[in-house]
Amino acid sequence: MIELEVRSLNAWYGAAQALFDVSLTVGAGELVVLQGLNGAGKSTLLQAILGLSQRQIGIVCYQDKTISDWPPHRRALAGLGYVAEDRRLFGALTVRENLLIAARGDVAGNTARVLALFPALAGLVQRRASQMSGGEQQMLAIARTLMTSPKLLLLDEPCEGIAPLLVESIRDALLALRTDGMPMLVAEQNRILADRADRVVTLVSGRVA
Ligand code: ATP
């Protein structure tokens, strides 16, 4: 079963076209890795799937519904969870507060689940996000998105610029989520997850290679 389908997606920044007729699918429980050099269009594609790009045309279907005309918040409520490359944490808030601010659904259950998935965060719940390492912040960003009870994850460079030990923890956590059936589309340049992917889609200058 196909969870997410992108068909002939084109996106622009002003007059500059960044995506050209991009098509891809993410099936139930699949890990699909999106590869490409800097500027290939990976972030733009994830944002377009969320409805966050400046201007786009093309079709985005999620669970058999065409969502291309939906605003971003409706796509998020339908189950699309997004972790941006810059993480967008609330630096002045603690780990616990960052988690609770996003919480939807079973708050206690989700909190227990994300802290089990990222044991390193469990000892830091009172720490301000701004006082954590890049890898810890990345874990928190993923954990915060998981607090919204998403049904499909879109992750932008989750292991970029992070210490090797924490890269391993993040990779293991994402693979555990996949084992639990979470479909994922992960943009990455560094081939941390590509070897375990069901499919690798490569973007070159805004086109699927
Ligand atoms: P990176 O890993 O460096 O983020 P990427 O594959 O995610 O690369 P995008 O960030 O999606 O690539 O960029 C695709 C194209 O769109 C590039 O040519 C880039 O210069 C352009 N672009 C990205 N963001 C903007 C913006 N805010 N305004 C104008 N052009 C942009």
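Since we're looking at a predicted model, the values are computed, not measured. In this chain, residues are counted from 1 in sequence order. In each ligand, atom 1 is the first atom listed, and ligand 1 is the first ligand listed.
Between Lys42 and Glu157, the closest side-chain pair of non-hydrogen atoms falls below 4.5 Å. Val125 places none of its side-chain heavy atoms less than 4.5 Å from the side chain of Leu99.
Under the salt bridge (charged side-chain N to carboxylate O under 4.0 Å, His left out) criterion, Asp86 pairs with Arg88, sequence neighbours left out.
Atom CD of residue Glu160 and atom CD of residue Glu188 lie 9.5 Å apart, to the nearest 0.5 angstrom. The CG atom of Leu153 sits 12.0 Å away from atom CG of Leu4, with the distance rounded to the nearest 0.5 Å.
Within 4.0 Å of ligand 1, contacts by protein heavy atoms are made from Tyr13, Ala18, Leu37, Asn38, Gly39, Ala40, Gly41, Lys42, Ser43, Thr44, Glu85, Glu157, Gln189.
Within the cation-pi definition used here (under 6.0 Å to the ring centroid, within 45° of the axis), Arg55 qualifies as a partner of Trp12.
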